[in-house]
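The next block holds one structure in the form of structure tokens; read it before the comments.
Values below: every heavy atom of this structure, side chains too, minus hydrogens, waters and symmetry copies. Start at 1 and go down the list; that is how both ligands and their atoms are numbered. Residues take their numbers from the sequence shown, with the count starting at 1.
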Amino acid sequence: MRTILVTGGAGFIGSNYILYVLEQRDDVRVINLDKLTYAGNLDNLSAVANDPRYEFVAGDIGNRELVDHLMPKVNAVVNFAAESHVDRSIMGAEQFMHANATGVYVLLEAARRHGVERFLQVSTDEVYGSLAPDEAPWTEASPLAPRNPYAVSKAAGDMMARSFYITHGLPVLVTRAANNLGPYQYPEKRVPLFITNAIDDRPLPVYGQGTAVRDHLFVTDHCEAIDLVLRCGEPGEVYNVGADNDAGGMELTERILDALGKPRSLIQHVTDRPGHDMRYALDIAKLRRLGWAPRHDLDACIAKTVAWYCDHEAWWRKIKDSWGYRAYYERQYGGR
Ligand code: NAD
Ligand code: TYD
């Protein structure tokens, strides 16, 4: 039996990964270390809460004593824990630096001291910056040029992880993924926000003219990629995880409305995000060579995600009805 310390496992991708790995691998135990910020939600993990191979620990990855206590029990670390929303990082980035930079350092240091066999740092395409329409997709060799506080904090984590491989020989792997879609995504991110607003016939706030382009990766495809890189990736290497599902903001919004049978009149153009990255695109040849390919095209990503939010109203209404969410929404969109 191998034990994986999954950090941030109560968030969107982390909870999908825990459900995936416990389902797929009989020989794996999971310890989920999560601080339960506004984005952490144990409802996501109710299906495994009583599984003897699953243990939840409430705590901060920046807590050195706690991390030191857990590390001797684990063979591998998969670090999802992060502050993850660009718009919140624009409001203030202190927690981003704490979780995404210092927190990664604390985990790496403990992993090194206790001789952990594999350390996978879950990162993002945003560390590469922003592409012009005619530029080729980023490879893993592309320079890092992050442009917003969230992306900078993630790049700091990536670079610290790299340094622990080079300096200390810790077997570190880094994945850099595109925008994820799927079950359990907190409805501050564009896709679940737009789906749930549309269900309630509320406006969909499109930043600027809706021309920014994103690649869209279904979350279970991301989980499969992480599982593969953790087992078969080369230590010290970075792996891009994209799906070639590019879409501009207007196209994506219209597809969501069409999937729900809702009118285009719900689209409301609002003031653009400062420093808005206009295009992300990844070259995924390296991960394909390892044996991975995305299973979901853009239609499948949208159809499955829309269906999940339609079928799980109680999950997202509990969040959207909360005081914290309402306060955030007013601050972010009120008078925009
Ligand atoms: P999320 O915001 O849904 O979840 C983050 C989780 O981390 C939450 O459960 C939160 O409670 C926990 N957390 C935050 N700070 C913590 C701390 N200091 N100690 C312990 N736990 C802490 O995020 P997500 O969308 O699931 O993203 C997971 C990871 O994947 C992040 O590292 C993110 O940068 C990366 N990523 C996300 C996307 C995406 O589209 N969502 C794309 C590429 C990469
Ligand atoms: P988001 O889901 O925040 O992910 P990221 O900025 O990390 O890619 O945003 C995705 C895209 O959607 C991005 O181009 C900004 C845009 N967007 C809106 O137009 N309106 C919104 O309310 C949000 C949250 C995002």
Ligand-residue contact atoms, ligand 2 with [X], heavy atoms, under 4.0 Å:
| X | result |
| --- | --- |
| Tyr333 | 21 (C), 22 (O), 23 (C), 24 (C) |
| Ala212 | 14 (O) |
| His85 | 3 (O) |
| Leu193 | 22 (O) |

Under a plain distance cut-off of 3.5 Å, with no hydrogens placed, do [Y] and [X] share a side-chain donor-acceptor pair?
| X | Y | answer |
| --- | --- | --- |
| Thr196 | Lys320 | yes |
| Tyr328 | Glu188 | no |
| Asp68 | His114 | yes |
| Lys189 | Ser84 | yes |

Applying a 4.0 Å heavy-atom criterion (strictly less than), which segment of Asn79 is in contact with ligand 1: side chain, backbone, both, or neither?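 Asn79 to ligand 1: no contact under 4.0 Å from either part.
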
Applying a 4.0 Å heavy-atom criterion (strictly less than), which segment of Lys154 is in contact with ligand 1: side chain, backbone, both, or neither?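 Under 4.0 Å from ligand 1, Lys154 contributes side-chain atoms alone.
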
Less than 4.0 Å is my threshold; does some heavy atom of [X] fall inside it relative to ligand 1?
| X | result |
| --- | --- |
| Gly59 | yes |
| Tyr150 | yes |
| Ser123 | yes |
| Ala178 | yes |
| Thr7 | no |

Considering only heavy atoms from C-beta outward, does the side chain of Leu107 approach that of Met71 to under 4.5 Å?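 Yes. Closest side-chain heavy atoms under 4.5 Å.
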
Gln332 versus Met91: any side-chain heavy-atom pair under 4.5 Å?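 Yes, side chains in contact.
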
Please confirm whether Pro205 comes within less than 3.5 Å of ligand 2 when only nitrogen or oxygen atoms on both sides are compared. yes

Using a plain distance cutoff, I'd like to know if Asp87 has any nitrogen or oxygen under 3.5 Å from a nitrogen or oxygen of ligand 2.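 Not met; the criterion fails.
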
To which protein heavy atom is [atom] closest, and what is the distance rounded to 0.1 Å?
| atom | result |
| --- | --- |
| atom 28 (C) of ligand 1 | Phe80 O, 3.4 Å |
| atom 40 (O) of ligand 1 | Asn180 N, 2.8 Å |
| atom 7 (O) of ligand 2 | Glu126 OE2, 2.4 Å |
| atom 8 (C) of ligand 1 | Asp34 OD2, 3.6 Å |
| atom 18 (N) of ligand 1 | Asp60 OD1, 3.0 Å |
| atom 3 (O) of ligand 1 | Phe12 N, 3.0 Å |
| atom 19 (N) of ligand 1 | Ile61 N, 2.9 Å |
| atom 21 (N) of ligand 1 | Lys35 N, 3.1 Å |
| atom 15 (C) of ligand 2 | His276 NE2, 3.4 Å |
| atom 4 (O) of ligand 1 | Gly11 CA, 3.4 Å |
| atom 8 (O) of ligand 2 | Arg214 NE, 2.7 Å |

Of the non-hydrogen atoms in Asn16 and Pro183, which two are nearest, and what is the gap between them?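 Distance-wise, the nearest heavy atoms are ND2-O, 3.0 Å.
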
Interfacing atoms of ligand 1 (cut-off 4.0 Å, heavy-atom, [X]):
| X | value |
| --- | --- |
| Ser84 | 1 (P), 2 (O), 23 (O) |
| Ala99 | 15 (N), 18 (N) |
| Asn179 | 40 (O) |

Below 3.5 angstrom, do we get any N/O pair linking Ile13 and ligand 1? yes

Say whether His222, considering both its backbone and side-chain N or O atoms, lies within less than 3.5 Å of an N or O atom on ligand 1. no

ring-ring contact (aromatic ring centres under 6.0 Å, His included), paired with Tyr184, selected from Tyr20, Tyr309, Trp308: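 Option passing the ring-ring contact (aromatic ring centres under 6.0 Å, His included) with Tyr184: Trp308.
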
Would you please test Arg64 and Glu109 for salt bridge (Lys or Arg N to Asp or Glu O under 4.0 Å) and show each step? CA-CA 9 Å; Arg64 185 186 153 143; Glu109 187 58 42; over 6 Å; no

Look only at the side chain of [X] and the backbone of [Y], and say whether a donor-acceptor pair between them is shorter than 3.5 Å.
| X | Y | value |
| --- | --- | --- |
| Arg176 | Tyr239 | no |
| Asp283 | Trp138 | no |
| Asn148 | Val86 | no |

Of the options Leu193, Ile199, Asp200, Asp201, which is the one that meets Asn197 in a side-chain contact (heavy atoms from CB on, under 4.5 Å)?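 Result: among Leu193, Ile199, Asp200, Asp201, Leu193 is the only option passing the side-chain contact (heavy atoms from CB on, under 4.5 Å) with Asn197.
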
Checking side-chain contact (heavy atoms from CB on, under 4.5 Å) against Tyr17, which of Val122, Ile4, Thr220 comes through?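 That would be Ile4; it is the only one of Val122, Ile4, Thr220 passing the side-chain contact (heavy atoms from CB on, under 4.5 Å) with Tyr17.
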
Closest to [atom] (judged by heavy-atom distance), picking from [options]:
| atom | options | result |
| --- | --- | --- |
| atom 19 (O) of ligand 2 | Tyr150, Tyr329, Tyr207 | Tyr207 |
| atom 4 (O) of ligand 2 | Asp215, Asn179, Val206, Asn180 | Asn179 |
| atom 3 (O) of ligand 2 | Arg273, Arg190, Glu188, Lys189 | Arg273 |

In this structure, are over 12 heavy atoms from other groups packed under 6.0 Å from Tyr333 atom OH? yes

Check the pair Asp125, Arg214 against salt bridge (Lys or Arg N to Asp or Glu O under 4.0 Å), reporting the backbone distance first and the verdict last. CA-CA 10 Å; Asp125 53 8; Arg214 297 290 185 265; over 6 Å; no

When hydrophobic residues are tied together by side-chain contacts of less than 4.5 Å, even through go-betweens, does Ile195 share a cluster with Val270? yes

Would Gln332 count as a contact of ligand 2 if the rule is a heavy atom under 4.0 Å away? no

